[in-house]
Amino acid sequence: MKKKKIEIFVVLMIICAVLIPQFIFASGENDNAEQGVQPVKLLVWAEPYKNLLGESDFTWDECIAKYKEETGATTDILVVEYPFSGLEASVLIALQSDTFPDLYFGSGNRIIPLIGLGVFDTIPEGLVSVKQWPEIAFTLGDFGGEQFFVAQSTSFFPLIINKALFKKAGVADLIPDEATRSWTKNDYSTAIKAISKLDDTWGVSFDLVWNDTDKGNDAYVWADGDPWTDGTYANATFNTPKNIENFEWIVDIMQSDSVYPNALSIDVFPQVEDFINGKIGVMCEYFNTANEIYNQYEAGTASKGVVDPMYVFFPTDDGSPSKSLILVNAWAIKKQNDQAKVAAAQDFYKWLYDTDNYWTKKIKEIPLPTALANGAIDPTAFTEKEELLALGTMPTMPGVIPLPFAAAIPGFQQLRTIWHENIQLAYLGKSTPKEARNKMQEEAQQIIDNAIAEQAEMTSGIGQ
Amino acid sequence: MEKASNVITKIIKNKIYYLFLLPFYIFFIYFLVIPSVKVFYYSFFKINNIGFHLRFSGFDNYRNIFNDFRFWTAFINTTLMVVISIPMVVIISLFIANSIYREKSGLKTFVRAAIYIPAITAEIVLIMTWKYIFNPRVGMLNYLISLVGIPPMDWLGSPSLAPFSVVLVVLTFSLGTPLIIYLASLGSIPDSYYEAALIDGANKRKIFFKITLPLLRPTTVFIIISMTIAFFQIFSTPYLMTDGGPVNSTTTLVFLLYKTAFIYQNLGGASVIGVVLFIICTTIAFFQYKYMSRDTEY
């Protein structure tokens, strides 16, 4: 009998151990409420800044302590640095389970579709000082005349060329002009063909699965063609004559032997290493990677005789500057009924954008010459290095046309997948470029129409 | 009624054992049974991705998914992977098990460990390693085939090669468990059967096909059913190796489910794929069990 009681006791203890933490977790809010007025709790999602800051001693705990010290705020702020991979799933789960953060920092590509769905609130006039931030920071966050965010940094996708290889292949005269960074498609084609004739060398590398669906490879098409949609974001423009012509040109190149292997798989490695080792003439890369390549070059990790990087625009027919997709990073405030949280989020937002405070001084340490804090109005405040300066100022150079945000197109995520499918078919020779663009147009328009209809139908009740 | 009452009486009588099982069942019901039932329910709704607003849409989600070529591509890809992989898993693991079963324990332990380690290693590690092996620029595989004069191939970039590359990787970490199960089952076949067969003059081949294989039938059925269900759920390998490409050639049903839910943000459609997968796996398991299983007594 005694043995049985012990058994029952053990089982009950196991059940308690399993269930009690859940009850404690679930009843946490009530406990606080019973203890009287509690500080407002803010949940913040931010990109892992520490990675960007490198060896910097920045920590969020220190940042929040400074915020409280400088402003006397009592807000209880929990910052979660989210991982980049699987973010779409995390965002969706957070939205579904009503755990989306009160304040969110991330790329415009993720913020903008959520604006369309009514997730974010507008930024009150005067919250961010127009004296401290350049006009473009406000322009980029203005949708339909309402300010949803203020851009804190910008970046774009350049082509990186290795001038040393151009010289070695005898086509130094085809290197784009230092001042305009622009070149013609003919120069581009001639250069990559010449470079690929050298031993163990490729003229150009693509990263198709990622870049054509997103920003890079399609940039060859809209460099002097048409962006994804018209200005209303409602009508797809994938098969305009100029876009078809540009696509035919890049498909021809893709099917030639000038192209680095593995272009159709998801990781084109060791692309960057091969570029640094002087085996690739032209490469398209993310801003940060481009930055990293130049830093390695400057640090002497990359042999200066073998690689001599230069950032240039995508080629156009007449050699004028290409259209450029400017990407942004910004903070956005969640729309919600809890006004105390909204007010607390706005207070923190204001502090985050005050360029005289601890936070923005730290942010300025990020090696991104296009960070838009007041120091970035003059990029030389960040760096004296010639190519990094160029990288920072290229999106705003004369003649460059900033493209509208693809992310503002209804159904943007679905569109990314049809670029993937159709473009790959054309590169593989399984459809003509014209057929691929026509099919994309048809599917894209369908997706956009459906997304607009669904958005209109289902946005009711959002933010409740 | 009487049967139910007997069950309840038995439960009350053995309550202490059921109490021990209770924590498991709480989690099992909460995290597996309820979500599974909800998937059926959600498949009939359009779901707003903000705030979870539902609107009944009848069979619209089913119609849309069945009219989407991506679904059929994923279905064919997954079926092909299952059809190619399952016989290979069974044949290779049975061959290895049968070959090493009567060998010295050192060799047996080594082979068992070598085959089983991939099964317990983090998939991401294996997949990243295989990505290097498949790399057309610096990969070991192209180097090896170049030694016999075969030109380099784009293992993950070609739509015709990528599915086989994915299957090959999945096979490497799918052989361990069947091998261990086969080895355990071989141990339970009495030696007297083999001794009798040898006295009767049976050769190794005959012994294998007339004694070993029939007596391993329940094990084989179990392995085929469990591996079929597992292979219908292949996700991480195409997700990490090829992102379902090129041109959807490695998109599997579970990968499409993930994309439909989190990239296309169509939770109703993703629920439909979940329902289809449930039906496929249940049907296959039912028929495999019904027609392949047979009580075997040693």
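Note that the coordinates shown come from a computational prediction; the quantities given were computed from them, not determined experimentally.
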Asks: Return yes when atom CZ of B:Phe59 has more than 12 non-hydrogen atoms of other residues, nucleotides or ligands closer than 6.0 Å, and no otherwise.
Replies: no
Asks: Let me know if A:Ile447 has heavy atoms under 4.5 Å from chain B in its side chain, its backbone, both or neither.
Replies: neither
Asks: Can you tell me if CZ on B:Phe164 sees more than 12 non-hydrogen neighbours from other groups inside 6.0 Å?
Replies: no
Asks: Should we say atom CD of A:Glu442 is surrounded by more than 12 heavy atoms from elsewhere, each under 6.0 Å from it?
Replies: no
Asks: Does any backbone or side-chain atom of B:Phe69 lie under 4.5 Å from a heavy atom of chain A? Answer side chain, backbone, both or neither.
Replies: side chain
Asks: Which region of B:Ala162, side chain (C-beta onward) or backbone (N, CA, C, O), has a non-hydrogen atom less than 4.5 Å from a non-hydrogen atom of chain A, or is it both or neither?
Replies: neither
Asks: Identify the heavy atoms of A:Leu428 and B:Gly157 that sit nearest to each other, and give their distance.
Replies: CD2-O, 4.4 Å
Asks: Take atom CZ in B:Phe40; do more than 12 heavy atoms of anything else shown fall under 6.0 Å from it?
Replies: yes
Asks: Is it true that atom CE of B:Met153 has more than 12 heavy atoms of other residues, nucleotides or ligands lying nearer than 6.0 Å?
Replies: yes
Asks: Which region of A:Asp200, side chain (C-beta onward) or backbone (N, CA, C, O), has a non-hydrogen atom less than 4.5 Å from a non-hydrogen atom of chain B, or is it both or neither?
Replies: side chain
Asks: Using the rule given for side chain to side chain contact (heavy atoms under 4.5 Å, CB included), can you reason through A:Asp274 versus B:Arg137, listing the C-alpha separation, both sets of side-chain angles and the distance that settles it, and then say yes or no?
Replies: CA-CA 10 Å; A:Asp274 273 340; B:Arg137 165 90 180 91; 2.5 Å; yes
